[in-house]
Visitor: 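First the structure, then my questions, so here it is.
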Amino acid sequence: MAILKFFKDYFDFNVMLLFLISVFFLYNDSKEYKQKGMQKEYKFCRFFIYLYTIVAIIGYVLYLKLEI
């Protein structure tokens, strides 16, 4: 229940936008890591790109559902 209250109180469009901006910067970093041959860093960035995208979408959908 505390998680749903958090989403209702704090997760809005601005937070989703912050997540997506973070994804954009991580994507740019991952391209540089791949070019330099840094495989561990590349995989780490790719993992967080997917994680942040999923959290942003799920969080925003929950926020919209809880506001209704």
Side-chain angles (χ1 to χ4, degrees):
M1 219 31 130
I3 294 173
L4 292 178
K5 183 174 178 357
F6 171 79
F7 278 110
K8 183 180 179 208
D9 293 342
Y10 298 109
F11 205 99
D12 58 359
F13 183 72
N14 293 330
V15 175
M16 184 181 141
L17 193 60
L18 180 65
F19 271 105
L20 295 178
I21 289 170
S22 299
V23 166
F24 174 74
F25 284 117
L26 281 173
Y27 177 74
N28 285 337
D29 286 344
S30 71
K31 287 193 320 187
E32 290 179 24
Y33 291 143
K34 188 173 184 178
Q35 289 174 350
K36 293 180 181 179
M38 304 169 92
Q39 289 301 317
K40 288 182 184 179
E41 290 83 358
Y42 173 72
K43 289 178 183 179
F44 184 80
C45 274
R46 297 303 284 191
F47 171 75
F48 277 100
I49 288 171
Y50 296 128
L51 179 67
Y52 282 5
T53 304
I54 290 168
V55 168
I57 292 170
I58 290 173
Y60 193 62
V61 167
L62 280 175
Y63 170 75
L64 292 177
K65 290 287 187 184
L66 293 173
E67 284 294 312
I68 294 178

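Every heavy atom of this structure was used, including side-chain atoms; hydrogens, water molecules and symmetry mates were not. In this chain, residues are counted from 1 in sequence order.
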Visitor: With hydrophobic residues grouped by side-chain heavy-atom distances under 4.5 Å, do Leu20 and Leu64 end up in a single group?
Guide: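 Yes; Leu64 is reachable from Leu20 via cluster members.
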Visitor: Can you list, pair by pair, the side-chain donor-acceptor contacts under 3.5 Å of residues 40-57, counting residues two or more places apart and other chains?
Guide:
from	atom 1	to	atom 2	distance (Å)
Arg46	NH2	Tyr50	OH	3.3
Thr53	OG1	Ile49	O	2.7

Visitor: Output a table of donor-acceptor pairs, distance under 3.5 Å, between side-chain atoms of residues 24-38 and any protein atom two or more places apart or on a different chain; print 'none' if there are none.
Guide:
from	atom 1	to	atom 2	distance (Å)
Ser30	OG	Tyr27	O	2.8

